[in-house]
Structures are given as C-alpha cells and as structure tokens.
Amino acid sequence: MSALQERIAAARSEGRAALIAYLPVGYPDVDTSIAAMVAAVEGGAGAGGVGGADIVEIGVPYSDPGMDGPVIQEAVDVAVRAGVGMADVLRAVTAVAAAGAVPVVMSYWNPIERYGVDRFADDLAAAGGAGAITPDLIPDEAGAWLAASDRVGLDRVFLVAPSSTDARLAATVAACRGFVYAASTMGVTGSRATVGDAAERLVARTRAAAGEPPVCVGLGVSTGDQAAEVAGFADGVIVGSAYVRRLLDGHGADGVRSLSAELAEGVRRAKVQA
Amino acid sequence: MTLSAHAPAPDVPDATASGEWPDATGHFGVFGGRFVPEALIAALDELTAAYEAMRVDPAFLDEFARLQRDYTGRPSPITEVPKFAEHCGGARVLLKREDLNHTGSHKINNVLGQALLTKRIGKTRVIAETGAGQHGVATATAAALMGLSCTVYMGEEDTRRQALNVARMRLLGAEVIPVTTGSRTLKDAINEAFRDWVTNVETTNYVFGTVAGPHPFPMMVRDFQRVIGDEARAQLLEREQRLPDVVLACVGGGSNAIGIFTAFVPDEAVRLVGLEAGGDGVDTGRHAATITGGDPGVLHGARSYLLQDDNGQTVESHSISAGLDYPGVGPEHAFLHDIGRAEYRPVTDAEAMEAFALLCRTEGIIPAIESAHALAGAMVVGRELGPDALLLVNLSGRGDKDVETASAWFDLADRTAPTDSDERAVEAGRGGEPGPGLDTDQHATEGAVSNDRAVAGQDAGEQA
C-alpha cells in the first residue's frame with residue numbers, strides 16, 4: 001500500500017480524517033519554512049494536545065501559480081525571487097519525514113519537467129518523499145510522470161473538480177495513487193467563509209467512481225470548525241492558505257503550530273462515516 | 001468554405017497532407033496540449049466541441065464573413081513600398097495592411113470569431129488579457145458590438161506604457177483591471193485571467209488573444225487569423241502571378257505570424273521568417289526572443305519554448321514593444337521551428353525603431369512597433385537575397401498607440417521644458433540623446449518648399 005494511503009487509513013482506524021498541511025518552501029526563507037513544516041506536524045503535541053498534520057504538502061515555488069489565490073502567491077513570489085529550487089525542496093522532504101509526517105511534494109509541472117522527470121522521481125524517493133501532487137498536470141499529459149512514478153514506486157495525486165464529468169472522474173481516479181485531491185469549489189486557493197456542499201457532492205461522486213483511493217478535500221478550509229465539517233464526509237482535510245497566512249502575518253512557526261493544533265482537534269471532532 | 005487548416009492550395013501539391021496539425025488532443029508534435037487545472041477541462045472541452053460544430057456551420061461562416069467585410073473592412077489591401085525597399089537591398093517589399101483593420105490591428109479577426117462562439121455557447125461575459133492593449137481593445141469592441149460584458153486584465157506596467165489603449169477600452173465599456181502580481185506584465189495578466197475564468201466559468205468565456213494557451217486556443221485562434229495569409233496569397237497570385245520568396249511577420253505569442261504563414265505552409269519554396277523581439281540583444285539576457293533564446297517547457301497551459309531559469313521559473317522578458325514582451329510563444333511556432341518549416345530570428349529594439357522611423361519617413365505609414373520588427377527583418381533578408389527577391393511583410397498593426405514610446409526614443413518632445421519623455425529617454429539609458437534610427441538632419445522632401453520660405457502654421461492665412 002502507498003505511504004499516503006497507509007497514513008490516511010491509520011487516521012481512519014482512529015475514527016477520524018487525516019490532516020494535510022500545505023506550506024511552500026522558502027517563505028520567508030528556506031530554514032524558517034522548514035521549521036514551520038515541522039511545527040505543523042507537531043501541532044498541539046507538546047502542549048498536551050492531539051498533535052498536528054499527518055501529511056505535509058511541500059510546495060515548490062513557481063513564478064506562475066495559476067491555481068493559487070493572493071495569499072499563496074505573495075509567499076511564493078518571495079521564494080521564487082530568492083532562487084529557491086528543488087535542492088531546498090528535497091531538504092524539506094527529509095525534515096518532514098524525520099518529524100514523523102508523510103511528505104508529499106506539491107508542484108506545478110514546469111519545475112519538475114525542468115529538473116528532469118526521472119531525476120525528480122529518483123531524488124524524491126531517495127529523500128523519503130511519498131510522491132507528488134501536480135495541480136496543472138492532468139493524467140492525459142502525464143505519460144512521463146506515470147512511468148517514472150511507477151518505476152520508483154511513488155504516489156501521484158491528481159485533482160478532480162466539481163466540473164469534472166463522470167468519465168473524467170473515473171479516468172483521473174484510476175491514474176491516482178495515494179489519494180484523490182478533490183477541489184471543493186470552482187476557483188483558486190484561499191480561505192472561504194463556507195466550504196459549501198459542492199465538496200460533499202464531489203466526494204460522493206468521486207467515491208462512486210473510485211472505490212479504493214481515499215478522497216481528500218482542499219480549497220477554502222481555514223478553521224477547526226470547517227475542518228470538522230469536511231472531516232464528516234472526506235478522508236482527509238487539506239489546509240494551505242490559512243497556514244501561509246500565519247507566516248505572512250509574522251506569527252512564524254508558533255503561529256503555524258497553534259493553527260495545526262486547532263485543525264487537528266477539528267478533524268477529530270467529526271464522526272467519520274463508517 | 002470552411003476554416004479548416006492547411007487546405008491544399010489549388011496549384012501546388014499539398015506538402016502537409018500527411019501532417020495536418022494539431023492532433024485531436026491539441027498537440028503539434030511534442031508541443032501544445034493542455035497543462036491546466038482539472039477544473040478548466042470541462043470548459044475547454046465545451047469550447048472545443050462548440051468550435052468544431054461552428055467552424056462548419058454555414059450560418060456562422062456567413063455571419064463571420066459579413067462582419068469581416070462590413071465591420072473590419074476586409075479584405076485588407078496589399079501596398080508595395082518601393083522607397084522603403086531601397087533600404088532592403090533593392091528587394092521588392094509588399095505589405096499586408098492589417099493596420100487598416102477596424103481597431104487598428106489583426107487582433108479583431110480572432111476576437112470576432114471568439115465573440116460569436118461565446119454567444120453560441122450561451123455565455124454573457126468575456127474576459128481577456130492584453131499586453132500592448134490591442135487585443136484588449138479588440139475584445140472590448142466585439143463585446144460592445146455583441147452585447148457582452150467585458151473585463152480585461154492588463155499588467156500595471158503595461159497600463160502605464162499604453163495609457164491610450166486603457167482609455168479606449170474604458171470608452172468601449174470594458175472594465176480594465178491592472179495586474180499587480182509577479183512582473184506586472186502580459187504573463188501575469190494571463191495568470192489573472194485564468195484565475196477569473198476558473199472561478200466564473202459558468203457565465204464567462206475567456207477570449208484568448210494569441211495562438212498560445214491550452215487546446216483549443218492555438219488551433220482556434222490560428223483558424224480565425226488565417227484569413228490574413230489566405231487573402232495575401234490570392235492577392236499576390238493575382239497581381240504578381242507568383243508567390244513571394246519570403247513571408248515575414250513579428251512573433252510575440254505569434255498570432256499575426258501564424259495568420260499569414262498558414263496559407264503558405266504547403267508552398268515549400270516560400271520561406272517563412274518570424275521576427276522575435278531581441279530587446280537589448282539576445283546575448284544581454286534582456287530580450288523576448290523565446291525560440292532563439294529559450295528552451296522547451298510548459299507555460300500558460302501548453303508545452304512550447306519559453307524563457308526560463310534553471311529552476312523552471314519563467315524569466316521576465318524585455319522589449320520596447322509591449323505586444324511582443326512575452327516570455328512564451330505559441331506551440332505551432334515551436335513545431336514549425338523544430339521541423340524546419342519556419343525560421344525565427346531576433347530583432348533588437350534599436351533595429352526595430354530604425355525600421356519604424358524609416359517606414360514613417362519613406363512611405364507615410366506609422367507602423368506598430370511590433371510590426372516594425374518584421375520590417376527590420378525585411379531589411380536584413382532583402383539585403384541577403386538582393387533585388388530579384390519578393391518579400392511579403394505582415395504589417396500587423398498601426399502605430400498610433402506607440403507615438404509616446406517613439407517620441408521618447410527619438411527625443412521628439414518640445415525641448416523648451418523637461419517632459420515626461422525626457423525622463424523616459426533617461427530611463428532607457430540614453431541620457432536624453434535620441435535613439436538610433438531618426439534622420440537627425442531632417443532632410444526636406446525633394447522639391448519641397450524649404451522651412452525658411454514656408455509660412456509657419458500659426459501665421460497661415462495672415463498674409464493672404
């Protein structure tokens with residue numbers, strides 16, 4: 001079984017959804033961003049709480065992040081200008097694995113293609129990464145990545161959206177390994193007042209098409225209450241912009257840690273449907 | 001009549017019979033495709049299906065032809081420019097006059113097609129990106145004509161360089177949103193337009209301005225622009241009884257170049273030359289010559305050549321021409337380059353401005369600075385080929401929008417007081433000295449009344 005799927009199954013056996021934290025490498029600088037990832041994994045563990053993120057999405061900075069809203073753009077722009085690259089990303093992968101969470105890389109396609117698809121797969125596996133999430137790569141264009149990830153046994157996570165047809169849901173889910181990323185709404189990353197029931201409908205449709213891989217929901221979740229709501233129908237809750245917001249506001253790793261504690265409590269509050 | 005690509009010309013063998021492109025999934029060889037979030041795939045599929053139905057629908061073809069004739073003013077004429085050609089090694093130079101289209105450039109050809117498509121799929125709002133503002137103006141125009149609401153994304157940097165076009169778009173009823181992310185130019189305007197589209201896709205169609213982006217845009221925009229080359233080819237055969245030796249066009253994203261190249265692609269004896277923006281020179285790193293100075297990669301939804309660094313980050317491009325200041329290029333150009341069917345050469349800012357000034361002076365035509373890159377290419381290629389050569393140059397737009405830029409470059413402002421254009425000349429690193437290309441001796445036209453004997457404008461009529 002894949003590393004991601006195994007960790008999500010472990011959360012499920014505790015009667016809860018998994019918490020997945022996204023943070024980009026290099027904001028405000030590489031070392032602080034890695035410290036923030038480790039803090040996201042610790043969560044409330046040091047303060048008598050329930051811990052933090054089960055999985056960390058390690059964001060590769062990219063100059064043209066077409067799927068991201070203003071919060072993530074602002075942070076990533078700083079990292080791009082500082083010249084943060086794949087070597088820094090691989091260092092973060094190792095640190096997250098050492099902290100006890102499952103590291104998965106989140107990258108737009110061009111930085112991976114530029115690095116070399118096979119080289120990326122080899123180096124990511126060697127660093128202890130579980131695989132990659134590719135928001136602008138659809139399985140139809142992913143021949144080289146499907147082959148490389150098969151060759152070294154990495155997970156690969158593609159996205160589904162409320163606008164996906166049933167035929168596309170089936171094809172995309174079939175290409176996924178680890179989990180399926182369900183984009184809760186039509187739009188870009190960022191906090192929203194409500195996550196809405198489009199996400200719940202999409203998870204149900206994806207499960208009908210899928211069967212095996214878990215379905216995790218991202219886009220719009222920022223609070224413990226929203227995490228609890230999403231945990232009621234999804235296998236995992238993905239939070240990105242809210243974590244980045246803590247860093248942009250200058251709260252540093254401590255701000256990330258306390259948010260993780262709140263979200264980890266949230267994903268345990270909901271009763272997961274059997 | 002259909003819009004099908006590469007219809008074989010009647011009197012030449014079809015060189016592309018076995019190679020019609022793109023394939024069903026939008027690939028030109030290894031280039032093109034769709035590198036977009038899954039959320040947009042349904043909209044792209046809808047657009048592709050609607051376009052495939054529309055392109056063979058006689059009602060659409062009639063309406064499109066009527067608009068091109070009665071609204072745009074097609075066919076655009078061919079103008080021979082013999083005095084300009086004296087600077088092109090004596091080769092004959094013929095211009096395809098897309099500058100005479102309504103709104104002043106070739107951009108209207110594509111926009112009318114996509115606006116009709118928007119109505120056909122029942123959407124009521126269009127969005128567009130724009131660099132120089134020509135595509136934004138064209139989209140705002142078509143939206144006004146067809147009763148669609150319109151939002152145009154434009155890099156904040158470009159809204160300053162092209163303030164006239166911002167005002168034109170607003171006059172036409174469009175909302176213009178200055179983009180302040182990233183490098184604040186065309187590439188960031190495209191990112192912002194995609195973000196709008198993914199959020200509002202139920203009501204909104206993205207009217208893409210060039211032959212880049214995800215499938216079906218490169219194919220669809222090409223088909224709407226191919227009228228340039230279809231007309232020009234027939235016009236040349238009629239007036240010259242022959243095809244040109246070389247067809248030249250400037251290339252940013254590449255829509256005017258694809259527009260004039262497509263009809264000639266099967267004519268293997270006709271050389272196709274794309275002129276890229278060389279900025280300060282390709283070796284300086286400050287340029288927008290994507291094929292000359294870039295590598296294959298993925299940007300804005302397609303695989304093509306792009307300017308990128310070792311981390312795969314898009315590198316900011318530089319050009320005096322806002323319309324060519326783009327670090328990517330359409331995938332069909334990447335393909336034509338790789339199969340050797342077209343060649344791509346860089347033209348520096350200085351070379352383009354020299355050609356710009358020359359066409360103004362010798363022929364009374366103020367070209368867009370974008371199109372001046374193609375004219376500069378003709379000066380080089382003409383000298384290489386000599387007097388027997390027949391060159392066809394796509395004059396893709398007129399230069400009204402560029403008067404301020406040219407004024408700063410040539411230092412034409414009133415010298416009695418420091419002006420904004422002086423500042424820009426200093427910014428451009430020339431310390432207030434005129435840039436190359438201007439005839440600084442101000443030679444009077446032969447046979448004209450000298451300035452000493454002429455009556456100054458403010459006194460005209462006083463002595464009668």
Side-chain angles (χ1 to χ4, degrees), chain A residues 26 60-70 73-74 76-77 79-89 107-116 120 134-142 158-165 167-169 172 180-183 185-190 219, chain B residues 24-27 30 32-46 179-184 187-204 213-215 295-304 306-316 327-328:
Chain A
V60 178
Y62 181 51
S63 53
D64 296 272
M67 226 195 110
D68 284 306
Q73 281 177 51
E74 186 180 340
V76 159
D77 196 42
V80 168
R81 285 172 197 281
V84 173
M86 210 57 89
D88 304 303
V89 171
S107 183
Y108 290 88
W109 185 243
N110 199 53
I112 293 176
E113 186 161 299
R114 183 67 167 174
Y115 190 77
F120 171 77
T134 50
D136 63 345
L137 185 72
I138 56 175
D140 321 45
E141 299 283 358
F158 297 102
L159 277 64
V160 295
S163 60
S164 303
T165 61
R168 284 202 63 81
L169 279 181
T172 303
V180 182
Y181 190 127
T185 58
M186 296 297 286
V188 296
T189 56
L219 300 198
Chain B
T25 52
H27 294 88
V30 300
R34 282 180 178 171
F35 292 82
V36 294
E38 167 68 20
L40 285 176
I41 296 295
L44 292 169
D45 279 343
E46 177 192 31
V179 173
T180 57
T181 52
S183 61
R184 306 179 179 212
K187 90 174 175 68
D188 306 284
I190 293 174
N191 292 336
E192 217 52 49
F194 271 115
R195 291 180 186 119
D196 181 314
W197 199 28
V198 74
T199 307
N200 303 298
V201 68
E202 277 182 30
T203 61
T204 299
H215 179 63
D295 320 277
V298 169
L299 175 66
H300 292 148
R303 180 177 285 114
S304 186
L306 67 133
L307 303 180
Q308 58 181 324
D309 69 12
D310 291 343
N311 291 325
Q313 313 295 353
T314 311
V315 171
E316 288 175 23

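A note on names: the letters A, B, ... follow the listed sequences, proteins ahead of strands, and every chain is numbered from 1. Excluded from the calculations below are hydrogen atoms, water molecules and symmetry mates; all remaining heavy atoms, backbone and side chain alike, are included. Computed from a prediction, not measured in an experiment: that's the story for all the values here.
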Asks: With rounding to the nearest 0.5 Å, note down the distance linking CZ in Phe194(B) to CG in Asp64(A).
Replies: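 Atom-to-atom, Phe194(B):CZ and Asp64(A):CG are 11.0 Å apart.
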
Asks: For the candidates Asp140(A), Thr172(A), Val84(A), which exhibits the highest count of non-hydrogen atom pairs separated by less than 4.5 Å from chain B?
Replies: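 Highest number of pairs under 4.5 Å: Val84(A).
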
Asks: Need one label for Val201(B): side chain, backbone, both or neither, based on atoms under 4.5 Å from any heavy atom in chain A.
Replies: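 Contact with chain A involves the side chain of Val201(B) alone.
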
Asks: Where do Ala161(A) and Ala39(B) come nearest, in terms of heavy atoms and distance?
Replies: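 Shortest heavy-atom contact: CB-CA, 3.5 Å.
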
Asks: Report which part of Ser164(A) has an atom under 4.5 Å of a heavy atom belonging to chain B: side chain, backbone, both, or neither.
Replies: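 The answer is both parts of Ser164(A).
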
Asks: So, taking the atom named CG in Asp68(A) and the one named OG1 in Thr181(B), what distance separates them when rounded to the nearest 0.5 Å?
Replies: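 Nearest 0.5 Å value for the CG-OG1 distance: 11.5 Å.
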
Asks: In Å and rounded to the nearest 0.5 Å, what is the OG to CG distance from Ser183(B) to Asp77(A)?
Replies: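 These two atoms lie 9.5 Å from each other.
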
Asks: Is any side-chain N of the basic residue among Arg34(B) and Glu141(A) closer than 4.0 Å to the acidic one's carboxylate O?
Replies: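 Salt bridge between Arg34(B) and Glu141(A), a charged N being under 4.0 Å from a carboxylate O: no.
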
Asks: A side-chain contact here means heavy atoms from C-beta on lying under 4.5 Å apart; do Arg195(B) and Gln73(A) qualify?
Replies: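 They are in side-chain contact.
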
Asks: Whether the side chain of Asn311(B) engages the backbone of Gly83(A) through a donor-acceptor N/O pair (distance < 3.5 Å, no angle test) should be reported.
Replies: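 Answer holds: yes.
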
Asks: Let me know if Pro65(A) has heavy atoms under 4.5 Å from chain B in its side chain, its backbone, both or neither.
Replies: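 For Pro65(A), the contact with chain B is made by backbone and side chain together.
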
Asks: With only heavy atoms counted, which part of Glu316(B) is less than 4.5 Å from chain A, the side chain, the backbone, both or neither?
Replies: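 Contact with chain A involves the side chain of Glu316(B) alone.
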
Asks: Is a side-chain N or O of Glu38(B) found less than 3.5 angstrom from the main chain of Leu169(A), in a donor-acceptor match?
Replies: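 Answer holds: no.
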
Asks: Thinking salt bridges, do Arg114(A) and Asp295(B) make one under a 4.0 Å N-O criterion?
Replies: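 Looking at Arg114(A) and Asp295(B), the cut-off is met.
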
Asks: Where on Pro111(A) is there a heavy atom nearer than 4.5 Å to chain B: the side chain, the backbone, both, or neither?
Replies: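 Both parts, backbone and side chain.
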
Asks: Hey, does Trp109(A) have a side-chain heavy atom less than 4.5 Å from the side chain of Arg303(B)?
Replies: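 Of all side-chain heavy-atom pairs linking Trp109(A) with Arg303(B), at least one is under 4.5 Å.
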
Asks: Which of the residues Met86(A), Met67(A), Arg81(A), Arg168(A) is involved in the greatest number of heavy-atom pairs with chain B at under 4.5 angstrom?
Replies: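 Between Met86(A), Met67(A), Arg81(A), Arg168(A), the count favours Arg168(A).
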
Asks: Just by modelled atom types, is the Val80(A) backbone N or O under 3.5 Å from a matching donor or acceptor in the Gln313(B) side chain?
Replies: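 No, because the side chain of Gln313(B) does not come within donor-acceptor range (under 3.5 Å) of the backbone of Val80(A).
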
Asks: Which bit of Glu202(B) comes within less than 4.5 Å of chain A, counting heavy atoms only: side chain, backbone, both or neither?
Replies: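 For Glu202(B), neither part sits under 4.5 Å from chain A.
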
Asks: Can you tell me how far apart CZ (Phe35(B)) and CD (Glu113(A)) are? Round to the nearest 0.5 Å.
Replies: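 Atom-to-atom, Phe35(B):CZ and Glu113(A):CD are 6.5 Å apart.
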
Asks: Distance from Ile41(B) atom CD1 to Leu159(A) atom CG, nearest 0.5 Å?
Replies: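 Answer for the CD1-CG pair, Ile41(B) versus Leu159(A), is 11.0 Å.
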
Asks: Check whether any side-chain heavy atom of Thr314(B) lies under 4.5 Å from a side-chain heavy atom of Tyr62(A), and answer yes or no.
Replies: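 SC-SC contact between Thr314(B) and Tyr62(A) confirmed.
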
Asks: Below 4.5 Å from any heavy atom of chain A, which atoms of Leu306(B) appear? Answer side chain, backbone, both or neither.
Replies: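 The side chain, not the backbone.
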
Asks: Ignoring hydrogens and angles, tell me if any N or O in the side chain of Asn110(A) forms a donor-acceptor pair with the backbone of Val298(B) under 3.5 Å.
Replies: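 Pair found, side chain donor or acceptor close to backbone of Val298(B).
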
Asks: Give, for atom CG of Asp45(B) and atom OG of Ser163(A), the distance between the pair rounded to the nearest 0.5 Å.
Replies: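 So the gap between those two atoms works out to 9.5 Å.
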
